[in-house]
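Let me begin by presenting the structure, written as structure tokens, before commenting on it.
In what follows, every chain begins at residue 1, and chains take the letters A, B, ... in the order their sequences are listed.
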2 protein chains.
Amino acid sequence: MDSEDEKTISVRDSKKTALRNKLLTTFYQEGTKSIPDLSDSLQLSIPTITRFLEELAHAGYIIEEGEGFSSGGRRPVLYGLNPNAKFVISVDIGRFIIRIALVNLRNQFIAPVRIINEGLSSQSDILQLIKQESEDLIKQSGISNDKILGAGISLPGLIDIKTGISYSYFTAVGKPLHELFKEIFPFPVFVEHDTKAMALAELSFGLAKGKQNVLCLVLGAGVGLSMIMAGKLYKGNSGFAGEFGHIPVADNGQLCYCGKVGCLETVASGVTLIQNARNGIASGASSKITDLTNNNPEKISLDIIIKAAALGDQYAIALLSRTGESLGKGIATLLHLFNPEMIILGGELSKAGNHITDPIKQTLNQHAIARILRDTELVTTELGENATLMGTVALVINNFFTKGADFPKL
Amino acid sequence: MDSEDEKTISVRDSKKTALRNKLLTTFYQEGTKSIPDLSDSLQLSIPTITRFLEELAHAGYIIEEGEGFSSGGRRPVLYGLNPNAKFVISVDIGRFIIRIALVNLRNQFIAPVRIINEGLSSQSDILQLIKQESEDLIKQSGISNDKILGAGISLPGLIDIKTGISYSYFTAVGKPLHELFKEIFPFPVFVEHDTKAMALAELSFGLAKGKQNVLCLVLGAGVGLSMIMAGKLYKGNSGFAGEFGHIPVADNGQLCYCGKVGCLETVASGVTLIQNARNGIASGASSKITDLTNNNPEKISLDIIIKAAALGDQYAIALLSRTGESLGKGIATLLHLFNPEMIILGGELSKAGNHITDPIKQTLNQHAIARILRDTELVTTELGENATLMGTVALVINNFFTKGADFPKL
DNA sequence: GTAACTTTATAAAAAAAATTAATAAGTCGG
DNA sequence: CCGACTTATTAATTTTTTTTATAAAGTTAC
């Protein structure tokens with residue numbers, strides 16, 4: 001009897017919850033909507049939508065948001081998410097820097113992003129640092145813990161989604177990452193690979209919004225790739241998909257830090273680019289890079305090389321061109337395999353603009369089947385340095401609104 | 001008023017139809033099911049399921065199929081698709097051979113497969129040939145046209161899914177393929193790329209059944225690839241995804257028929273393998289291939305080389321090994337990008353068994369990150385020569401049962 | 001500026017759909 | 001052969017959704 005009851009209630013609930021979640025997701029992803037809009041798109045009558053919206057409004061999740069347009073009749077009331085109904089804390093953990101943000105349901109930063117100049121390469125206990133800084137941020141914003149939907153955390157390295165274990169960091173503890181972070185946060189924790197978080201940001205707020213098949217490249221120290229396929233982030237069987245930096249490209253190439261020989265990263269990464277610059281200048285190449293670094297090869301960075309190229313420095317331009325060509329050959333492979341509608345270039349190297357995109361395009365013309373190449377737009381990200389943070393916010397909110405079987409009361 | 005009525009009816013219908021289609025799809029993909037089974041999996045009460053099943057049984061789509069097992073209680077009645085409720089005609093168009101089959105809802109061939117020794121390379125009007133042979137097949141089987149759900153057609157080449165136009169065959173007419181075939185078939189027509197049809201077969205009946213992320217390689221004259229991602233066939237923006245044969249691999253390679261230089265197919269395809277064999281033997285290599293072909297280099301084929309290797313011929317084994325190594329390097333790229341749970345090798349070359357899989361595995365050990373490699377099973381297809389035919393059958397039936405807004409009465 | 005037409009909103013009535021409950025029927029194990 | 005258990009069927013009940021009617025708020029054309 002009891003179990004029968006429970007089952008039925010859960011079925012009933014699950015259907016109601018499904019609709020509630022669909023409404024919340026729609027509001028989150030598309031902003032404001034009117035009742036007739038929703039009636040059309042969800043294939044339900046106006047009174048039904050009204051009933052559910054009333055419930056959500058009563059719970060504090062949605063609010064009226066002015067009037068919409070009409071083609072000749074009474075104007076509809078627009079509804080939208082109450083931005084301050086819930087909040088998300090987002091943590092972007094890098095090798096040398098950690099960023100922490102507190103964001104509302106309209107993806108707005110509640111306070112300035114906290115930046116910690118420590119990271120995965122530090123010797124200090126960064127978990128405690130993150131805990132302290134987060135608590136402080138929340139406290140200062142005057143938001144109570146029960147208003148926080150969850151924490152979204154991103155970090156680099158190989159992360160096994162089946163076990164949640166990172167093979168690159170926090171390996172000593174041998175615990176799944178979400179358990180590790182659960183210990184420092186009193187609310188649900190969601191962990192994502194940093195490059196994949198960036199792709200989520202592009203999908204939710206960036207150039208990939210509304211698109212189905214998009215590749216997101218992150219050109220930084222290494223070469224990262226995330227794939228959006230059929231409108232969703234593709235992770236692979238264990239979450240390792242997108243190891244573009246380690247596909248074999250050079251026949252008798254250099255040894256890569258991954259242990260293999262001839263990986264793409266050995267010819268097309270930021271690290272290699274900087275190494276090439278240092279070697280070249282040491283061998284006597286004349287370049288503005290020398291001035292910009294006060295003749296100190298240690299100071300050569302991607303930023304410096306890009307700056308030199310922007311100043312018209314031929315050597316810097318040639319360096320970028322060489323990297324672009326290597327990348328282009330790799331991207332040609334992606335193009336043939338994925339036939340994407342768009343490829344988004346991100347990461348520090350993408351700031352080089354035409355100095356990196358032109359050699360890529362040039363190489364693609366050589367190495368890609370024209371019919372497929374013509375099908376794909378190559379663009380540079382328009383999201384700033386907080387892209388990764390925003391990606392994990394979308395992760396947390398979407399997870400909550402789509403899966404959230406237990407609908408949280410305000 | 002009228003339009004309101006229509007809208008409501010269509011909404012009502014669409015919900016009922018959705019459930020009906022889900023039931024039919026479940027039966028098609030999983031065979032027989034009992035009412036309590038369905039009640040559990042569809043989250044609906046037993047009387048509700050009973051009602052819909054009665055309706056479907058009345059329409060002739062499903063029949064009782066004996067009793068199931070019980071853990072101590074009344075045995076459930078099993079229901080399943082009525083195999084002869086509807087039929088599908090499937091046409092596999094190759095370069096030199098055309099296969100036509102008539103299949104029922106249980107994927108059983110109603111009559112022997114018709115084989116026409118003409119194909120896309122022929123000068124004759126193969127559309128008329130297909131029309132005649134199909135009509136004859138249907139007539140001989142004594143099935144009326146209205147019992148045929150549709151025709152599934154597969155062919156090679158680049159097919160643009162946005163326009164339906166093939167860039168490789170029937171280019172003179174400039175018409176979408178489905179329109180071309182609609183003219184010779186009096187029922188709905190579904191067209192699919194041959195390699196992708198094969199992957200559909202693996203997904204529906206083969207080793208990929210129930211799996212999420214699988215790569216299907218077709219090693220024949222060329223190198224074909226189809227990807228199953230998140231349990232669905234991935235086609236790319238215009239249907240060109242999977243052009244694995246034309247990714248750039250050789251730095252200063254040979255000219256490929258696609259116009260580019262250094263494509264994978266120039267080093268790892270069946271055509272290249274045969275060429276290598278001919279060149280080697282012409283240069284004096286001693287091999288059983290010479291005997292098997294009566295010293296006629298024209299007669300060297302994949303089949304012959306595989307046969308020679310099976311007889312222990314060292315030269316043939318070395319040839320296959322070389323091809324396997326080239327393939328392995330390409331597959332390493334796939335592995336890093338997709339992190340699949342399984343890679344299925346198909347096509348004529350896969351019949352070489354260990355002579356081709358061992359060198360592939362050997363190369364993967366060299367070129368793939370161990371953690372990712374360990375995650376993937378490399379297997380050989382268990383489907384026979386009718387795989388492509390079966391794939392298009394699944395395409396037609398699934399399309400009908402999932403999309404089919406207009407539920408066909410028997 | 002007003003009449004005619006549209007679109008949106010709300011409440012009560014009606015219809016539809018699904019579930020519950022009661023009952024019956026068939027099975028298994030001891 | 002009896003009791004526990006699963007499945008099946010029917011009617012009654014509940015839940016959910018839609019209709020219908022009415023009102024409110026705008027737009028457009030004359």
Mind checking what makes side-chain hydrogen bond (donor to acceptor under 3.5 Å, both in side chains) contact with A:Glu382, not counting sequence neighbours?
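Expected list: none.
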
Taking [X] first and then [Y], would you say they form a salt bridge - that is, a charged N and a carboxylate O separated by under 4.0 Å?
X	Y	result
A:Lys22	A:Glu30	no
B:Lys211	B:Glu202	no
B:Glu192	B:Lys235	yes

Which comes earlier along DNA chain C counting from the 5' end, the contact point of A:Glu54 or that of A:Phe69, where each point is its nearest nucleotide?
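First, find each residue's nearest nucleotide; the 5'-ward one identifies A:Phe69.
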
Side chain of [X] - closest among [options]:
X	options	value
B:Ile35	D:dA8, C:dA18, C:dA9	D:dA8
A:Pro36	C:dA17, C:dA9, D:dT16	C:dA9
A:Thr50	D:dT18, C:dT10, D:dT9	C:dT10

Distance check needed: [N] [atom2] versus [X] [atom1], whole Å only.
X	N	atom1	atom2	value
B:Tyr79	D:dT7	OH	P	13 Å
A:Arg20	D:dT16	CZ	C1'	14 Å
B:Asp37	D:dA8	CG	P	10 Å
B:Lys33	D:dT7	NZ	P	13 Å
B:Asp40	D:dT6	CG	C1'	12 Å
B:Ile49	C:dT19	CD1	P	8 Å
B:Leu19	C:dA18	CG	P	7 Å
B:Phe52	C:dA17	CZ	P	8 Å

Tell me whether the OP1 or OP2 atom of C:dT19 has a side-chain N or O from B:Thr48 closer than 4.0 Å.
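True: B:Thr48 side-chain N/O within range (under 4.0 Å) of C:dT19 OP1/OP2.
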
Compare side-chain N and O positions of B:Ser45 against OP1 and OP2 of C:dT19 and report whether any pair is under 4.0 Å apart.
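Answer is yes, contact under 4.0 Å.
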
Looking across every strand, which nucleic acid part, if any, lies under 4.0 Å from A:Ile46 by heavy atom: base, sugar-phosphate, or nothing?
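Since a base atom lies under 4.0 Å of A:Ile46, the category is base.
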
Please list, chain by chain and in numerical order, all residues satisfying side-chain contact (heavy atoms from CB on, under 4.5 Å) with B:Glu54, sequence neighbours excluded.
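Only B:Thr50 meet the side-chain contact (heavy atoms from CB on, under 4.5 Å) criterion with B:Glu54.
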
Going by atom types alone, do A:Ser238 and B:Asp375 pair a side-chain donor with an acceptor below 3.5 Å?
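The criterion, which ignores hydrogens and geometry beyond distance, is satisfied for B:Asp375 and A:Ser238.
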
Any side-chain donor paired with an acceptor under 3.5 Å for B:Thr402 and B:Thr25?
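Judged by distance alone, the side chains do not pair up.
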
With 3.5 Å as the limit, what N/O pairs link the protein to nucleotides 25-28 of chain D?
unit_1 : atom_1 : unit_2  : atom_2 : d
D:dA25 : N3     : A:Arg74 : N      : 3.2
D:dG26 : OP1    : A:Glu67 : OE2    : 3.4
D:dG26 : O4'    : A:Gly73 : O      : 3.2
D:dT27 : OP1    : A:Arg75 : NE     : 3.4
D:dT27 : OP1    : A:Arg75 : NH2    : 3.1

